[in-house]
Amino acid sequence: MLWTASKIKGYAISASDGKIGTVSDILFDDTNWLVRWLTVDTGTWLSGRTVLVPSAALAHLDAHKEQCAVKLTMQQIKDSPDVDTERSVTRQMESTSYSHYGYLPYWNSGFGYIGGLGAMGSYGYMGGMGGARLATSRSREEDAFLDAERDHDDVHLRSAAAVTGYHIHASDGQIGHVAGFILEDTDWTIRYLIVDTQNWWPGKKVLISPRSVTDIDWNDGQVRVGVDRQKIKDAPAYDASLTIDPAYEQRFQTYYHIDMADA
């Protein structure tokens, strides 16, 4: 099911034995547009602490109850590492959180959450929640890689809240700004970016695929895309009050010549 990220913000996070706080932000990887973490404000329960919950632990979203269930206990959340949201998230912070929750890191080098071999070698997640076992045959090269990365900022980890408002820079100039994100909750991918083109065509919003994004510039606050302004202007209009149905997605995919079978 597709969800607007701004709608999820404020949803209650429900652990297996009680509610722990509310969603305050979404952190995604800009290389594959996968949601990696939910930032959770624990409110008065943990004296205003903010914690990271991995997307692998998310169970389902409930629009009626406005909550997201997670496959964790309140104690696991309470004992989770402290996160300073005023600083960039480092690989060490992520690694510590993954280890605490019993999941393997999902790095761009190819390590995955569940099963199989990563591109760099031989560890996988084995067993259920609380029963993670790591294969121990990592090579020295893998250890060296992790040591080099652990204290560095994760440069591909982006805050949805921070990127919202960034200017959209088409191949031939600016065209609008990022107004939001649309997520798919079956695999926690970002399916679309919502683009507000009001400076050029008042009132019109359109969607673009993350596949069109060529770069995100933190310093200039820009998202660069590999299509021209006219192409974006003529794209199917997006109406937030309507559900994105298969017919709309088919029009979108046909317009941009996207084959979802290759996604």
Side-chain angles (χ1 to χ4, degrees), residues 2-6 8-9 11 13 15 20-42 50-61 68-72 76-77 80-116 118-120 123-125 129 132 145-146 149-164 166 178 180-193 209-211 213 215-216 218 223 263:
L2 298 178
W3 297 80
T4 305
S6 60
I8 298 172
K9 185 176 181 178
Y11 267 31
I13 294 290
I20 61 173
T22 57
V23 178
S24 60
D25 199 1
I26 292 169
L27 304 182
F28 66 92
D29 187 321
D30 71 1
T31 61
N32 50 29
W33 296 87
L34 287 169
V35 174
R36 188 180 292 173
W37 303 95
L38 292 187
T39 303
V40 179
D41 183 349
T42 61
T50 298
V51 298
L52 295 179
V53 172
S55 59
L58 304 180
H60 63 272
L61 290 163
C68 178
V70 297
K71 297 173 285 188
L72 300 169
Q76 282 179 294
I77 299 294
S80 66
D82 288 330
V83 175
D84 184 356
T85 57
E86 298 302 315
R87 297 175 53 230
S88 298
V89 176
T90 66
R91 283 289 174 85
Q92 178 62 50
M93 293 165 63
E94 290 185 273
S95 181
T96 301
S97 294
Y98 278 129
S99 178
H100 169 74
Y101 291 123
Y103 287 91
L104 283 178
Y106 174 66
W107 305 142
N108 296 332
S109 56
F111 299 150
Y113 281 127
I114 301 177
M120 288 191 64
Y123 45 93
Y125 176 91
M129 285 299 300
F145 174 86
L146 294 176
E149 289 289 307
R150 68 174 55 176
D151 293 326
H152 295 162
D153 293 348
D154 188 338
V155 297
H156 293 292
L157 196 64
R158 310 287 183 174
S159 157
V163 176
T164 299
Y166 273 27
V178 178
F181 300 87
I182 295 177
L183 318 173
E184 170 61 67
D185 67 353
T186 56
D187 57 4
W188 287 92
T189 56
I190 293 180
R191 181 76 68 86
Y192 301 107
L193 281 71
S209 168
R211 296 185 186 190
V213 176
D215 181 51
I216 299 178
W218 283 113
V223 175

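Side chains of Ser80 and Gln76: no donor on one and acceptor on the other come within 3.5 Å.
A donor-acceptor contact shorter than 3.5 Å links the side chain of Ser24 to the backbone of Thr39. Within the 3.5 Å criterion, the main-chain N or O of Met93 finds a donor-acceptor partner in the side chain of Ser97. Formation of a donor-acceptor pair under 3.5 Å by the Thr4 side chain with backbone atoms of Ser6 is not found in this model.
In this structure, OH in Tyr192 is found 7.5 Å from CD1 in Ile182, a value given to the nearest 0.5 Å. Atom CZ in Arg36 sits 5.0 Å away from atom OH in Tyr98 (nearest 0.5 Å). In this structure, CG in Asp187 is found 7.0 Å from CG in Leu34, a value given to the nearest 0.5 Å. The CG atom of Asp30 sits 4.5 Å away from the CD1 atom of Ile216 when rounded to the nearest 0.5 Å. The CG atom of Asp41 lies 5.0 Å from the OG1 atom of Thr22; values are rounded to the nearest 0.5 Å.
Side-chain contact between Leu157 and Glu94 is present, with at least one heavy-atom pair separated by less than 4.5 Å. A heavy-atom distance below 4.5 Å is not found between the side chains of Tyr11 and Val40. Residues Trp188 and Leu183 have side chains in contact (heavy-atom distance under 4.5 Å, counting atoms from C-beta outward). Proximity of Leu38 to Ser55: side-chain heavy atoms (C-beta onward) are nowhere separated by under 4.5 Å. Here the side chains of Leu58 and Cys68 are in contact, with some heavy-atom distance below 4.5 Å.
Among Leu52, Ile77, Thr96, the one residue that satisfies the side-chain contact (heavy atoms from CB on, under 4.5 Å) test with Tyr101 is Ile77.
Nearest heavy-atom pair across Ser159 and Asp25 is OG-OD2, 2.5 Å. Residues Pro54 and Tyr103 share a closest heavy-atom pair of CG-CD1, 4.4 Å.
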Go through the steps for Phe181 and Ile26 under the test side chain to side chain contact (heavy atoms under 4.5 Å, CB included), then give the verdict.
CA-CA 10 Å; Phe181 300 87; Ile26 292 169; over 6 Å; no

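Qualifying salt bridge (charged side-chain N to carboxylate O under 4.0 Å, His left out) partners for Asp215, counting only residues two or more places apart in sequence or in other chains: Arg224.
Between Trp33 and Phe28, the angle of the ring planes stays under 30°, which puts this pair in the parallel group of the 30/60° scheme.
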